[in-house]
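Index from 1, following the sequence. Atom set for the values below is all heavy atoms of this structure, side chains included, hydrogens, waters and symmetry mates excluded.
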Amino acid sequence: MSWKMYEIDKAAHDLVLKFRDQDVLGESHKMRATTAYGLERFWGEHLRLAQREQDKSKFWKATWDALCKIMKQAGITIPNEIVNPSDTRSIQAMSEKLWAFDIEQRKIALAILIELCDSLVWWTQRYKKPNNGR
């Protein structure tokens, strides 16, 4: 088995630049803190924010999508269904897939999510605009 570079830091860098002008970078610190509560809660946060803070919701969802892409490169497919925040059935279906996600793959994905969020915090601190990213 050979070493494969997954470019976690670059993914975080690109996310921070993509969302830099939307006043949401402070969410990277919240994302990092949320990793302690697991994949299901991290994933669900974009739904909570979708109701009143669309830009923040998009940042969370884009970060989840980046995690899924990185993990797919590593041969692990994390559930990532499109969910309508107002449709309870689709939320329940996605949640059940996350709760049923293989425990060993979950541990690996969570470790990568933590690294991704650490990198988000790093790049946020370098690139945030004055009074941006509260």
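Between Asp23 and Lys129 there is no salt bridge, since none of the side-chain N atoms of the basic residue sits less than 4.0 Å from a carboxylate O of the acidic one. Ion pairing of Asp65 with Lys69 is absent here, as no side-chain N (NZ or NE/NH1/NH2) approaches a carboxylate O to less than 4.0 Å.
Linking ILVMFWY residues whenever their side-chain heavy atoms come closer than 4.5 Å, directly or via other members, leaves Leu113 and Tyr37 in distinct clusters. A single hydrophobic cluster is not seen to contain both Ile112 and Val121; linkage of ILVMFWY side chains at heavy-atom distances under 4.5 Å, directly or through other members, places them apart. Ile8 and Leu39 fall within the same hydrophobic cluster, defined by Ile, Leu, Val, Met, Phe, Trp and Tyr side-chain heavy atoms under 4.5 Å apart, directly or through other members.
Pairing each heavy atom of Met94 with each of Pro79, the nearest pair is CE-O, 2.9 Å. For the pair Lys18 and Gln22, the tightest heavy-atom approach, listed with the atom from each and the gap, is O-NE2, 3.9 Å. Scanning all heavy atoms of the two residues, the minimum distance from Leu116 to Ala11 falls at CD1-CB, 4.3 Å. Heavy atoms only, all atoms of each residue included: Ala12 and Ser119 are closest at CB-CB, 3.4 Å. Pro85 and Ile91 make their closest contact through O-CD1, 3.5 Å (heavy atoms, listed as atom of the first residue, atom of the second, distance).
In this structure, Phe59 and Phe19 have tilted ring planes: the angle between them lies in the 30° to 60° band. Taking the six-membered ring for Trp and thresholds of 30 and 60 degrees, Tyr127 and His13 have ring planes more than 60 degrees apart, a perpendicular arrangement.
Although no hydrogens or angles enter the test, the distance criterion places no donor-acceptor pair under 3.5 Å between the side chain of Arg41 and the main chain of Ala36. In this structure, Arg126 contributes its side chain and Trp122 its backbone to a donor-acceptor pair below 3.5 Å.
Side-chain atoms of Ile114 and Asp118, non-hydrogen and from C-beta on, do get closer than 4.5 Å to each other.
Side chains of Trp99 and Glu40: a donor-acceptor N/O pair is absent below 3.5 angstrom, by distance only. For the residue pair Asp9 / Trp123, a side-chain donor-acceptor distance below 3.5 Å is found, with atom types taken as modelled.
Atom CE of Met71 is separated from atom CD of Gln105 by 7.5 Å, given to the nearest 0.5 angstrom. Cys117 SG to Lys30 NZ: the interatomic distance, rounded to the nearest 0.5 Å, is 13.5 Å. The NZ atom of Lys128 sits 8.5 Å away from atom CG of Leu25, with the distance rounded to the nearest 0.5 Å.
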